[in-house]
**Q** 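Dumping the structure here so I can ask a few things about it.
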Amino acid sequence: MAFVKNLFDNNFIQYASYVIRDRAIPDLVDGLKPVQRRILHTLLEVDDGRFHKVANVVGQCMKYHPHGDASIYTALVNLANKEIFIDKQGNFGNLYTGDRASAPRYIECRIRPFARDIIYNPKITQYVPSYDGRSEEPVQFRAKLPLVLILGAEGIAVGMSTRILPHNIREVIEAEKLCLQGKPFKLYPDCPTGGLMDVTDYNDGLGKVIVRAKLDTSDDKKIVITEIPEGSTTETLIDSIEKAARSNKVKIAAIHDYTADSVNIELKLPRGVYTKDVVDALYAFTECEQSISCNLLVIKDNMPVNMTATEVIQYHAQQLLGVLKDELTVEKADLMDRLHARTLERIFIEERIYKKIETMKTAETVIKAVITGFKPFKEELIREVTPDDVDRLLKIPIRRISLYDINKNRQEVKNINARLKEIEKLLKHLTDYALSWLDGILAKIDKENTKRRTKITSFKAVNVKEVVKRDTPLKYDAKNGYLGTTFFGGEEVLRVTPYDKIFFVRKSGIYSVTETPEKIFVGPGMWYCGFADKESLSKVLFTIIYRDPQTQYMYIKRCRVEAYIMNRDYFFAPDGMEVLHIDTRKNFSFTVNYAKKPRVKTLSKTFKAQDFAEKGLKAQGVRLEAKEAESVQVEV
C-alpha cells in the first residue's frame, strides 16, 4: 500500500510540475508558453520571406511539440490574431463573432521582421535537444520587450491558474522607457475588442476589472452596440440578451447583427420603452458588462510566481539592458576575430610569408614555418597565431593573393575599429542605448494600428435588485401544494424577481426562506408567503395558536422573525406541539372550543389576540386556560 501511495505521489508531482511549467503558464523571460515558443522557432527556421501553409508549419513544429497537430494549429491561430509577430493570409477567424479559422491547408502565415528584432538572437540564446534528440529548440527567447503583458495569457494548471489581460504595445514600451529613466508609470490593459473598462480594482494586475460594451444611445428607440467587452463575442452577447429578454429582464423588440469588420448589433425597443429604460438592464443582466478577475502568474526561474505589472516592467527593463550588453559583447568578439583575420591576411600576403612553406615537406613543418613567419610582426597582431588561423590562411586561393587589394583591407580594418569604438561607448552608456533602441522600435510600429482600443473610465455600479422589476407572478397551487413561478394554474400570491428571498409557512407551522423558487413542494394549506428582506419581514407580527397533544391545553404566542439561515426549516411552536392556526393580523378575535366534561359549564370562550403581549421567537407561548381544548375558530 505504501508503495502505491509513493508511486502516486511522485507521479502526480511530476505531472503537476509538467502542466504548470510546460503547458499552461507563460514564462516571464519571453512571455510565451512552450507551444507558442516552438511555433515561433519553427517560423524563424523556415522563414524565406514568403508565406507558408499553416498545415506545413504545424507539421514542421511537431518536431519540437509532441502533443498533436490540433494544439499547435489552435495556438498558431491565436498567436497570429494577436497581430504582433505573424503575418497571416486567408481566413483566420473573426475575433468579434467568434467564427473559427479555416482548415490549416487553406491558410498561410509567415514570421514578421519585427519578431527578429524582439526575440531572435541565437548567439545568446540557450538551446536544448528536442524531445527526440534530432533537433534543438530554445529554452527561452531572450525577449527585449515584456511580451507577457503585450500578448496576455490565460491558462489553467494543477492547483493554480493565470489570467493576464493584453496591454497596448506602445504603452508598454513607454512604461519601460520611464522605468529605465527612474520615473513612475502606470499600466492598464487594452483589449483587442475595445469597449470600456473600469480599472479601479485592477491592483496592478492582481485584482479585477469591469468591462462594458460600448453603446450608441443617440436614438431613443434604438441601441447600437459598437464594441464588445473582453471575453465576449457577438454570438454570446446576443445569446445573453435574448435570454434576458425571454426572462422579461430586458425589454427588446428585435435584434439585428450587422457585424463584419467591426461590431454592429442593433437592438430595437418596443413601443413605450426608451433607451434610458434599457441601458442599466443590459449592463445588469447580459454580457454587456462583465467582471474579469486578473491573476498575473508567470514562470520565473523555473517556479510559478505572482507578480504585478510594475514588477514585470522593472524585470524586463533590466533584462533589456542585459540582452543589449550581451549582444554588444558578442558583436565585439566577432569584430575582434574579423580584425585578427584581416591583420593576418595582410601580413601573410604583404610580407610573403606564404613563400616560406614552398620547401616544407610535412604539415607540421608548414604550420611551424607560418607561425615563425609571424613572429617579427607580433606587435601588430590582436592575439597569438593558432593552428586554426594557419589552416584558414593556407586555404586562401592563389588568385586572391595575386589580386590582393591592400586599400580595401585597410578600409575594412578602419570600419571595424570604428565600430569597436562605438561599441565601447554604447557599453559605457547602456541605459541611453536601451532608450534609443526602444525609440527605434516605436518608430517601426504602425501608429494607427496600435492605438488604444479600450477606453479607461469609471462606472457607477448597477444594482441588479434596483434595475429588475417585480413583475413575475409567484403562484401557489393549494390542491397539489406547489409554490413557484414556472407552472400553470394556481393562485398568484406575490409579484417577484429572480433575486428575491421568499418566506413561507407550511400548514405544520414550519417556516423556511428560499430564493424565488421555480417549483417547490410546500404542502397544502400554506399559512403565509411573503418577502424575506429585513424591512418586509420585520413588519410582520405572527400569532401562533397551538395545542399540547398530551394535556390538550391551548397556547398562544406572538412574535416576529428577525434572523434566519437560507433553506433551513424552523418551527414556530415548541417541539412536539400541534399548530392549529397562524395569523399575521395585529387585531383579531378567536374562539376556543373546550372538550365536554362533567362539571364543565363553559364549553367555549372568545379571546382577542391583541390582548397578548409580543414575545421573542424562542419564547414559550401563553396558556389560555387549564382546560382541554378540541378546536379553535378564528374570525375572518
**Q** In this structure, which one of V298, L297, T162 forms a side chain to side chain contact (heavy atoms under 4.5 Å, CB included) with P304?
**A**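 The passing option is L297.
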**Q** Can E491 and K475 be counted as an ion pair, charged N to O under 4.0 angstrom?
**A**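 No.
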**Q** Does NZ or CZ of R506 lie under 6.0 Å from the centre of the six-membered ring of Y511, at an angle within 45° of the ring axis?
**A**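 Output no; distance or angle outside limits.
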**Q** Has R547 got its NZ or CZ under 6.0 Å from the middle of the six-membered ring of Y555, at an angle within 45 degrees of the ring axis?
**A**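 No, a cation-pi geometry is absent between R547 and Y555.
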**Q** When you compare the side chain of I252 with that of P270, does any pair of heavy atoms fall below 4.5 Å?
**A**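 With C-beta onward as the side chain, the pair stays apart.
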**Q** Do F542 and Y528 have their ring centres less than 6.0 Å from each other?
**A**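 Aromatic pair counts; centres sit under 6.0 Å.
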**Q** Pairing donors with acceptors under 3.5 angstrom, does anything connect the side chains of T226 and D216?
**A**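 Side-chain D/A pair, T226 to D216: absent.
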**Q** Are there more than 12 heavy atoms of other residues, nucleotides or ligands under 6.0 Å from atom NZ of K455?
**A**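 12 or below, so no.
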**Q** Which class fits the ring pair H581 and W527: parallel under 30°, tilted 30 to 60°, perpendicular over 60°?
**A**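 H581 and W527: perpendicular rings.
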**Q** Charged N to carboxylate O under 4.0 angstrom, K627 versus E625?
**A**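 So K627 pairs with E625 through a salt bridge.
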**Q** What residues form a side-chain contact (heavy atoms from CB on, under 4.5 Å) with S631, not counting sequence neighbours?
**A**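 Result, side-chain contact (heavy atoms from CB on, under 4.5 Å) vs S631: N593.
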**Q** For the CG atom on D261, are there more than 12 heavy atoms of other groups (residues, nucleotides or ligands in this structure) within a distance under 6.0 Å?
**A**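 Counting other residues, nucleotides and ligands, CG of D261 stays at 12 neighbours or fewer.
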**Q** Is it the case that N78 and N81 place a side-chain donor and acceptor less than 3.5 Å from each other?
**A**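 Absent: no donor and acceptor within the cut-off.
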**Q** Using residues 514-521 as the side-chain source, report each donor-acceptor pair under 3.5 Å to any protein atom, sequence neighbours left out, with the distance given to one decimal.
**A**
unit_1	atom_1	unit_2	atom_2	d
T514	OG1	N567	OD1	3.2
T516	OG1	T497	O	2.7
T516	OG1	D500	O	3.2

**Q** Does R495, at its CZ atom, have more than 12 non-hydrogen atoms belonging to other residues, nucleotides or ligands within less than 6.0 Å?
**A**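 It does: R495 CZ has more than 12 such atoms within range.
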**Q** Could you tell me whether the side chains of N94 and D99 share a donor-acceptor contact shorter than 3.5 Å?
**A**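 No donor-acceptor contact under 3.5 Å links the two side chains.
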**Q** How about F503 and Y570: are their ring centres within less than 6.0 Å of each other?
**A**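 No, the ring centres sit 6.0 Å or more apart.
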**Q** Taking the six-membered ring of F572 as reference, does the NZ or CZ atom of K557 fall below 6.0 Å from its centre and within a 45° cone about the axis?
**A**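 Judged by the rule, K557 and F572 form no cation-pi pair.
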**Q** Taking C-beta and beyond as the side chain, do E562 and K534 meet within less than 4.5 Å on heavy atoms?
**A**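 SC-SC contact between E562 and K534 ruled out.
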**Q** Is a donor from one side chain sitting under 3.5 angstrom from an acceptor on the other, for S232 and Q290?
**A**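 The answer is yes; a qualifying pair exists.
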**Q** Between R585 and D583 (salt bridge meaning N to carboxylate O under 4.0 Å), is one present in this structure?
**A**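 Yes, R585 and D583 are salt-bridged.
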**Q** Do the side-chain N and O atoms of Q633 and T591 include a donor-acceptor pair separated by under 3.5 angstrom?
**A**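 No, no side-chain donor-acceptor contact under 3.5 Å.
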**Q** Please enumerate all residues that pass side-chain contact (heavy atoms from CB on, under 4.5 Å) together with E535, with sequence neighbours excluded.
**A**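 In terms of side-chain contact (heavy atoms from CB on, under 4.5 Å), with neighbours along the sequence ignored, E535 is linked to D533, K539.
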**Q** Under 4.0 Å between a Lys/Arg side-chain N and an Asp/Glu carboxylate O for E289 and R212?
**A**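 Judged by the 4.0 Å cut-off on N to carboxylate O distance, E289 and R212 do form a salt bridge.
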